Structure formats: structure tokens, C-alpha cells
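One-based numbering, in listed order, for ligands and for the atoms of each. Treat the numbers as computed from the prediction; the structure is a model and nothing was measured.
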Amino acid sequence: MFDLLHLKPEVKDKPDARSLAPEHPERGCAIEFRDVTFAYSPERPVLKGISFSVPAGSTLAVVGPTGSGKSTLMRLLFRFYEVGGGAIRVDGMDIRDLTQDSLRRQMAVVPQDTVLFNDTIAYNIEYGAPGAPRVDVERAAEAAEIHKSILTFPKQYDTVVGERGLKLSGGEKQRVAIARAILKNPAIMLLDEATSALDTATERSIQGSLSRVCQGRTTVSIAHRLSTIVGADQIIVLQDGLIVERGSHGSLLEQGGLYAEMWHRQLEAEEEARTGAGAKEDSEDAVTSA
Ligand SMILES: Nc1ncnc2c1ncn2[C@@H]1O[C@H](COP(=O)(O)OP(=O)(O)OP(=O)(O)O)[C@@H](O)[C@H]1O
């Protein structure tokens with residue numbers, strides 16, 4: 001979501017920028033996009049007038065075809081780029097009037113692919129809140145349900161992970177990201193669902209951890225598997241930089257538009273995968289019980 005390798009114009013704080021400091025981050029912050037437009041290069045608009053409101057503590061899911069602008073919308077909220085037109089407000093304040101540091105301190109990102117540093121697992125989790133005491137790191141790991149796995153690592157929390165250390169699985173890396181987010185204790189959670197498939201059991205259990213972490217906080221998630229957002233308070237469907245549909249899962253299905261089409265297509269694909277996998281599991285059961 002945040003590809004740092006691309007060159008980008010620098011976002012600067014105003015001299016009189018204010019600090020975003022919600023008194024109760026665990027209750028979330030309200031987010032509002034009003035007529036937001038954006039282009040990476042002038043000849044190619046990417047967001048063409050996006051408006052929505054996310055009340056504090058509620059969840060918004062963003063879906064849409066590849067290239068429709070979902071990640072861009074998140075990058076703008078993180079103020080990784082400035083909006084071209086319109087405004088983004090957090091708790092009623094235009095994010096251009098806030099310090100980037102205070103804004104980002106209230107946001108935790110659980111990205112598609114978590115980057116691990118070649119350092120200890122404790123350091124990798126602590127990255128969410130540098131200087132946090134070990135007891136808090138362990139509590140975050142417990143909440144992200146990775147604590148028990150860490151205890152099996154050769155040097156437990158002091159085990160070096162990453163490229164030159166212990167390699168973690170995709171699911172474990174996601175749990176590190178969740179632990180980082182928990183430790184950060186942000187008002188806003190930004191989730192970018194992994195496209196790469198984890199196995200169904202891991203996926204379900206990670207979803208469970210995530211929904212506990214996000215409880216009560218304002219959550220914006222980019223979803224690829226629609227089954228993960230059935231309970232979202234609000235869903236927007238982006239297509240070519242515009243919101244083409246919005247509503248709850250139920251109302252979007254009733255509308256019978258793009259969302260309903262995506263939903264039915266996914267159900268069919270899952271059904272196909274299940275019948276294929278089901279047949280395989282049955283035969284494996286037969287082998288193990290024989
Ligand atoms: N750094 C960039 N520079 C120039 N163009 C970009 C950049 N990032 C994204 N784009 C373009 O902006 C459009 C929207 O991209 P974005 O990543 O927001 O889509 P998305 O909906 O998140 O897609 P996906 O589901 O594939 O992740 C695409 O056409 C993409 O090629």
C-alpha cells in the first residue's frame with residue numbers, strides 16, 4: 001500500500017499545524033472525505049470526486065476492481081500524498097492543518113505484506129510503539145495470538161527474524177502486523193487485506209484477531225474477499241475512481257449491481273474450490289483412518 005520506492009512530492013506540515021490528540025483513541029475518530037480528487041500525474045485522474053463519512057468507531061470497507069483507487073484512498077487518508085481537490089477531515093479537522101506525525105500516530109496499518117526487519121521479534125513488534133516495555137510487547141503478541149508461537153522460537157522474543165533470521169510464515173507475519181497495531185493503540189485502523197491466499201483456518205483465525213483489535217475503533221479496510229466484510233457498517237464500491245455503489249452488504253446484494261455480481265462470482269469460485277478440496281480431504285481422511 002505504501003510503496004516507498006516511488007518518488008513522490010514531499011508533504012509538508014504548515015507552520016501553525018495542529019496536533020491530533022483524541023482523548024480516547026480506543027473509541028475511534030470520525031473520518032470524512034468530501035469531493036476528494038487526486039491524480040499521480042495530471043493527465044490521469046485516479047480519484048474523481050469521492051465523498052463518504054465514517055462515524056467514530058464504525059467500519060468502512062472499500063471494494064472494487066483492481067486499479068479502481070482503493071489503495072490511493074488509503075494513502076491520502078494517511079497523508080502520504082496531498083489531495084488534488086476537496087478535503088479529508090479527521091474528527092472535523094482538515095488533515096492538511098494537522099501535523100503528519102500526530103495524524104499518523106493515530107493510525108495503524110495492517111498491510112498486505114508485512115516487512116520484517118532483520119532484528120529480534122520483540123523489536124519487530126515494538127516498531128508499533130518504539131520504546132514500549134517488554135511486558136506490553138508480550139501483551140500485544142498475546143492479543144494477536146502469536147505469543148505462544150514466539151515461545152517456541154529458539155531465543156523466544158530475542159530470536160532474530162526476517163531475511164537473515166528465522167523465516168516467518170505469511171500468517172505469522174500478519175500476526176506481527178496485528179501485534180504492532182495493538183501496541184500502537186490507534187484511533188483508526190487501516191487494513192489492506194492480503195490477496196495472497198492464506199489457508200482457510202489461518203485466515204479465519206486472523207480475521208477473529210483483527211475484529212477484536214478493531215472493536216470500537218474506526219476501521220477502514222480494503223477487502224478482496226467479500227466474505228470478510230459482510231458485517232461492515234458501510235461498504236463503498238469503487239470503479240474507475242468513483243463510488244458506484246454504497247450501503248450495507250444486504251442492501252448492496254438487493255441492488256443487484258457490481259457488488260452483487262462480485263459476491264456471486266466469489267461464492268461460485270469458493271464453491272468450486274471447496275468441492276475440489278473437499279474431495280481431496282475426504283480421500284486423505286480415508287487414508288488416515290485406514
Ligand atoms: N505511485 C503511483 N504512481 C502512478 N500511478 C499510480 C501509482 N500508484 C497507483 N497508481 C495508479 O492509480 C490507479 C489506482 O491505483 P490503486 O493502487 O489505488 O488501485 P487499487 O484499487 O488499490 O488496486 P488493487 O486492487 O490492484 O490494489 C491505478 O491505475 C494505478 O496504476
Check: V46 and Y40 side chains under 4.5 Å, non-hydrogen atoms:
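Yes; the side chains approach each other to less than 4.5 Å.
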H147/Y157 aromatic ring centres below 6.0 Å:
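Yes: the rings meet the under 6.0 Å criterion.
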[atom1]/[X]: more than 12 non-hydrogen atoms of other groups inside 6.0 Å:
X	atom1	answer
R134	CZ	yes
R104	CZ	yes
K167	NZ	yes

Within the 4.0 Å heavy-atom shell around [X], which atoms of ligand 1 are there?
X	result
S71	17 (O), 18 (O), 20 (P), 22 (O), 27 (O)
T72	14 (C), 15 (O), 16 (P), 18 (O)
Y81	1 (N)
H224	25 (O)
K70	18 (O), 19 (O), 20 (P), 21 (O), 22 (O), 23 (O), 24 (P), 25 (O)

Is any N or O atom of G64, backbone or side chain, closer than 3.5 Å to an N or O atom of ligand 1?
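No; every N/O pair is 3.5 Å or more apart.
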Does any N or O atom in V46 lie less than 3.5 angstrom from one in ligand 1, N or O only?
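Min N/O separation from ligand 1 is not below 3.5 Å for V46.
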Decide whether the shortest distance between a heavy atom of [X] and an atom of ligand 1 is less than 4.0 Å.
X	value
R44	yes
F38	no
G67	yes
P65	yes

Check whether D136 reaches the backbone of A132 with its side chain - one donor and one acceptor, N or O, closer than 3.5 Å.
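Here the side-chain-to-backbone pair does not exist.
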Say whether S209 and E145, considering side chains only, have a donor N or O and an acceptor N or O under 3.5 Å apart.
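Distance-only check passes for S209 and E145.
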Please collect all side-chain hydrogen bond (donor to acceptor under 3.5 Å, both in side chains) contacts where either partner lies in residues 232-247, sequence neighbours excluded, each pair once.
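Found T59-D233.
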